[in-house]
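Quick notes on the structure that follows.
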Amino acid sequence: MATGNTSSASSTITDEKMAPTPDNAPYDGEGNGVNKVSNDRPSLQRYGSQNKETEANIFPESAVEADADLEKTGAIPKSTPPPGGVNPADFPDGGLEAWLVVLGGGIFQDYYQTHLLQQYSSSTVSWIPSMEVFCMFIGGPVFGKVFDNYGPRYLLLFGSFFHVFGLMMASLSTQYYQFLLAQGVVSSLGASAIFYSAMNSVGTWFFKNRAAAFGIIASGSSLGGVVIPIMVSRLIPKIGFPWTMRAAAFMILGMLIIANLTVKSRLTPKPKRVDVMEFIRPLREPAFALICAASFMFFFGTFLPFNYVIIQAQKDGMSASLSLYLISILNAASIFGRIVPGIVADRVGRFNVMIVTTAFSAIIVLALWLPSSGNAPIIVFCILYGFSSGAFVSISPSLVAQISPIREIGVRTGTLFLCVSFAGLTGNPIGGALVSRDHGDFLYLQLFCGLAMAIGTLIFVASRWVQCGFKVKVI
């Protein structure tokens, strides 16, 4: 159950008094819709990015509705609750303001290993992208709590500055530790703040279409993954690595200006004290603990193809000019993989779609990437894997929302990404060590990748089983 100290990105609620209402239930289908908030609530002018009223409702909730698992049942308790509460009809689930919030929201491994840091092993170099992934996800609990307390504005400003600053410092770097700090820590922490402020803001605007909205937000990184690898690989020979990094930083700065102008939360932030047990207590629930374990195992292998497919393809005879497009192909397929499964999951069940897509990822790694040696099978693998692996990022927050009380969605999502961050930190270096152990071949890495994903899929099945067994149903 939610406690008085619990807060979440999708359920941070104001506690002002409601205007008097009729005796009928507030969600009566024949009523006047959503109750209006009285004029005595504090002005929104003093809250950063919420500097004007919106068409969406900002309302308090009672304990009855807050403790209801709306994501799971889609229904308000039958008992007549006090006025107010979290009504699915109150989420805009579209409209100009909601989609403007959505709008706001590998190549380096190869280059560093073959040029700037060629004296280091692949396992050592892989700590740079691994640290990026780790810092991206480790910020979940901290930035989620900051969002709950203060809204997205200051998070976006903080993230925008450090993301661009880190990339600029990477352009001046020449030593391993400098790349690790600038790109692996500073820039990625800034990106983390941007990611969570955008994700959490979108969660306040969408309910029925939440997985689809999360998928569109997550697809932005895939779109960047299409453009930036091509941009970097083409610019480095012409203007050099330093100015290429600066060009990428200026391009990102321009997009972040749009994000700072459009991303906002629908709900008024309200500061609350920090309780560490908020993040630990949910692990006592089998379904949630199994989701965390499954995500940890699946994430062990998720980024290995992204970081090593170029090197593996070149070793098997693919030309350097063609291999540089593999990451763009992966990310292009991932755009659709992050959007389409989310739309389907909202209709046929998020656990069902997650199990299918993660199982498919494991299968194509073991059945296609492992035996592939020519250009055609590697390209086909990149397309299929990009699509199937993309679903994990967009659907996993929705799994947490589906089994969580409304007030705990934010902190539970933070706990999930905290667990995932350690897999992201260690997965790539383990893969690099396996390549070294295999004398430069990729068999051990591919086996590790596929088996880790297969184990993760089985644990997702276990999480579904503890909720409904093996019944065929939407879940």
Side-chain angles (χ1 to χ4, degrees), residues 6-14 42-59 90-93 95-105 135-165 187-207 210 213-221 252-272 274 393-394 397 400-401 406-407 409-414 417:
T6 305
S7 64
S8 74
S10 58
S11 60
T12 306
I13 311 296
T14 59
S43 171
L44 298 179
Q45 297 294 330
R46 60 193 180 94
Y47 291 110
S49 62
Q50 295 186 346
N51 53 12
K52 67 185 183 70
E53 300 251 4
T54 74
E55 296 177 359
N57 302 301
I58 299 177
F59 48 81
D90 294 330
F91 288 78
D93 271 305
L96 177 62
E97 288 179 299
W99 288 112
L100 278 177
V101 175
V102 174
L103 171 66
C135 289
M136 268 292 300
F137 288 108
I138 196 69
V142 176
F143 294 139
K145 194 67 176 178
V146 172
F147 176 91
D148 289 345
N149 287 353
Y150 303 104
R153 182 180 184 185
Y154 300 111
L155 267 181
L156 280 171
L157 290 174
F158 168 87
S160 299
F161 173 80
F162 280 99
H163 188 28
V164 174
F165 177 75
S187 178
S188 55
L189 280 177
S192 179
I194 297 166
F195 174 79
Y196 286 109
S197 58
M199 273 288 192
N200 292 337
S201 295
V202 167
T204 67
W205 291 89
F206 293 87
F207 183 83
R210 184 176 287 164
F214 282 161
I216 294 174
I217 277 283
S219 70
S221 62
I252 291 172
L253 177 61
M255 292 185 288
L256 288 176
I257 291 174
I258 298 175
N260 278 270
L261 294 175
T262 59
V263 172
K264 60 183 176 180
S265 174
R266 183 176 65 92
L267 306 178
T268 305
K270 181 180 179 182
K272 296 181 180 179
V274 177
V393 176
S394 61
V400 175
I406 293 297
R407 287 179 179 167
I409 292 176
V411 293
R412 288 181 179 224
T413 302
F417 285 129

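- F417 has its side chain within reach of P397: a pair of non-hydrogen atoms, C-beta onward, lies under 4.5 Å apart.
- Between the OG atom of S192 and the CE atom of M136 there is a distance of 5.5 Å, given to the nearest 0.5 Å.
- Going from atom CG of L261 over to atom CG of L256 covers 11.0 Å, rounded to the nearest 0.5 Å.
- With rounding to the nearest 0.5 angstrom, the CG atom of N260 is 8.0 Å from the CD1 atom of I194.
- To the nearest 0.5 Å, atoms CD1 (I258) and CG (L253) are separated by 10.5 Å.
- Proximity of the aromatic rings of F162 and F158 is defined here by a centroid distance below 6.0 angstrom, and this criterion is met.
- Ring geometry for Y196 versus F143: interplanar angle of 30 to 60°, hence tilted.
- At least one donor-acceptor pair under 3.5 Å links the side chain of S160 to the backbone N or O of L156.
- Here the OG atom belonging to S197 is positioned 13.0 Å from the CZ atom belonging to R153, to the nearest 0.5 angstrom.
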